[in-house]
Amino acid sequence: MKPDRLRSPRFRMPALSSQRYFRILALLVLAPLAPSLHAQGFDLVITNGHIIDGTGSPWYSGDIGIRAGKITTIGNLAGAPRSRTIDAQGKVVAPGFIDMLGQSELTILVDPRLPSKIYQGITTEVTGEGSSVAPLNDAIIGWDKASYEHYQINPDWRTLRQYFARLEKQGIGINLASYIGATQVRRMVLGDVDKQPTPGELEAMKELVRQAMLDGAVGVSTSLEYPPAPYAKTEELIALAKAASPFGGIYATHMRNESDQVLPAIDEALRIGREAQIPVEIWHIKVAGKKNWGHMGEVVKSIDRARAQGMDITADTYAYTAWFNDLAAFVPPWAHDGGNAKLIERLRDPAMRARIRKEMLQPAADWDNEWDEITGPESVLIGVVQNPKLLPLEGKTLAEVAKIWNKDPMDALFDLLIEDQAFTDVAVFGMSEPDVVLALEQPWVSVDNDSSGTSPEGILGQEHPHPRAYGTFPRVLRKYVREEHKLSLEDAIRKFSALPAARMRFTDRGVLKAGMWADVVIFDPATIRDLATFDHPNQFSEGMEYVLVNGVAVIDQGKMTGAKPGKVLRGAGYRSQSTP
């Protein structure tokens with residue numbers, strides 16, 4: 001009996017993996033349709049660039065076709081009709097950069113183009129650090145009157161939904177997402193006083209979090225160094241995080257301590273994440289204070305250990321050795337009880353002032369004592385003031401202010417707070433470069449600006465910000481990629497795009513591929529650089545040839561267009577008002 005020829009090895013079809021099978025099927029189905037895919041043409045085609053797609057993979061060549069704000073095709077589009085072509089010969093084409101903590105919720109109302117951001121290649125910002133822009137009530141507006149007057153803003157919203165609607169009505173230059181701040185909901189219910197919530201008050205706070213998540217918040221955040229936030233116990237924070245968790249939220253934190261007690265602070269963040277069953281993001285991870293320099297390795301080990309145990313925890317950094325915060329943060333939390341008016345009242349009282357001085361001169365385990373973390377008043381640089389009489393002090397150190405006023409440096413600090421209604425922002429030099437680099441190198445660390453969008457012009461141009469406001473992302477590319485080789489270009493781009501997009505659940509951004517929104521940057525990696533310095537911070541970075549936000553150029557041939565194509569990015573829990 002002859003063998004069955006169809007069963008003979010000679011005639012057996014080769015085995016196909018499922019992946020290969022579907023590739024072949026896709027080719028068979030889509031190949032006849034290929035001409036029609038391009039028949040509509042493109043609004044824009046980017047050609048000849050080195051595509052670094054954000055995933056960390058090596059660059060590849062290809063054309064990128066953009067239509068209706070989205071990437072529709074990557075491939076050979078030589079014959080495809082288009083309205084415009086950008087020749088990126090010799091340039092990198094990458095996803096737009098995502099700023100993991102941007103602080104622009106008010107300044108975006110002053111200059112919605114956010115020039116300092118787009119010249120860095122930032123196309124998306126996440127904001128809302130503890131004291132988020134909403135919810136608001138009349139009491140908070142009164143307490144924060146100096147801030148609104150400083151920026152000449154009418155706070156006509158009360159909820160995050162209403163704030164987002166205002167942004168969409170005016171137009172914005174980049175995409176923006178926001179957390180709901182634990183400090184904000186505490187102020188809504190308890191005010192600025194040092195007290196613990198009753199069960200009913202805590203339930204009201206949780207309801208505010210839930211409502212904000214429905215409004216589109218991406219999670220709940222804390223900023224535990226700045227009163228009244230330190231008054232909150234861990235259990236309160238767990239309750240608020242639990243309220244955000246079912247909506248797909250994230251718990252993001254400026255931890256309770258970033259210096260002597262940084263490891264216990266990480267433990268607190270991990271506990272909140274575990275008990276609330278919510279991912280954790282540590283903002284601007286650092287080890288502050290000279291006596292703590294060199295301890296970043298312990299921080300990294302702590303987080304690596306937690307990740308190995310299954311904890312979803314990541315972090316971000318701005319990669320400078322100076323932070324930027326309220327000058328009032330130097331004062332112990334108890335002195336802030338009741339808000340800024342009470343703080344100033346205590347600073348005017350000789351007995352209270354003496355007590356504050358005494359506590360600032362001693363190491364502290366129960367609060368983040370910044371005075372104990374610096375080498376002296378020369379480490380404090382005056383940045384932003386609201387009192388016009390104090391404008392000449394911007395850009396001077398506290399040591400210089402003390403000399404001008406002929407006062408002891410600590411008295412100069414106290415009197416500056418009094419004269420400026422506790423509004424003053426300062427840069428504080430208190431970190432070591434090796435610690436900063438070690439944090440940046442970790443695969444789970446992305447990048448943040450931790451500064452509001454600004455401009456050399458108008459109201460914003462009167463300020464003296466931290467140079468990170470203008471330079472963070474280009475500085476990483478210049479210093480840590482091109483000059484010091486601490487990161488590869490591909491990994492830096494990953495930290496700017498795919499890594500933060502994955503953390504924030506921005507599933508349609510952060511990577512260059514078909515179907516994604518066309519947030520795209522084009523730059524020369526050999527020339528891109530930051531220009532902002534601590535002495536002269538109001539300088540745009542150089543080297544961004546093109547920056548596209550949702551397919552529209554906000555930087556075109558190196559110049560700002562004034563376009564405002566940004567979108568409000570709402571969290572997974574968002575429900576439109578028509579949704580039952």
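Worth knowing before you read on, the calculation uses all heavy atoms, side chains too, and leaves out hydrogens, waters and symmetry mates.
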Item checked: Steps toward side chain to side chain contact (heavy atoms under 4.5 Å, CB included) verdict (Asp425, Asn325) -> CA-CA 5 Å; Asp425 291 332; Asn325 63 1; over 6 Å; no
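- Of the options Arg570, Arg158, Arg161, a salt bridge (Lys or Arg N to Asp or Glu O under 4.0 Å) to Asp215 is made by Arg161 and by none of the others.
- Heavy atoms of other residues, nucleotides or ligands lying less than 6.0 angstrom from CD of Gln277 number 12 at most.
- For Lys342, the NZ atom sits in a loose shell: 12 or fewer heavy atoms of surrounding residues, nucleotides or ligands are nearer than 6.0 Å.
- Between the side chain of Glu370 and the backbone N or O of Phe330 there is no donor-acceptor pair closer than 3.5 Å.
- A donor-acceptor pair under 3.5 Å is formed between the side chain of Asp420 and the backbone N or O of Gln386.
- In this pair, Tyr318 and His284 present their aromatic rings tilted. The plane angle is within the 30 to 60° band.
- Remark: side-chain polar atoms of Thr397 are not paired, donor with acceptor, to backbone N or O of Glu378 under 3.5 angstrom.
- Closest of all the heavy-atom pairs between Phe534 and Leu381 is O-CD2, 3.8 Å.
- Applying the ring pair (Phe, Tyr, Trp, His ring centres under 6.0 Å) rule to pairs touching residues 144-163 yields His150-Phe423, Trp157-Tyr163, sequence neighbours excluded.
- The environment of Lys407 atom NZ is dense: over 12 non-hydrogen atoms of other residues, nucleotides or ligands sit within 6.0 angstrom.
- Side chain of Arg503 to main chain of Val280: a donor-acceptor pair is present (N/O by atom type, distance under 3.5 Å, no hydrogens or angles).
- Looking only at distances, no side-chain donor or acceptor of Asp448 sits under 3.5 Å from a matching main-chain atom of Asp99.
- Checking side-chain atoms of Arg468 against main-chain N and O of Pro465 turns up no donor-acceptor pair under 3.5 Å.
- No option in Glu433, Glu373, Glu258 other than Glu258 meets the salt bridge (Lys or Arg N to Asp or Glu O under 4.0 Å) test with Lys286.
- The closest donor-acceptor contact from the side chain of Glu125 to the backbone of Ser104 lies under 3.5 Å.
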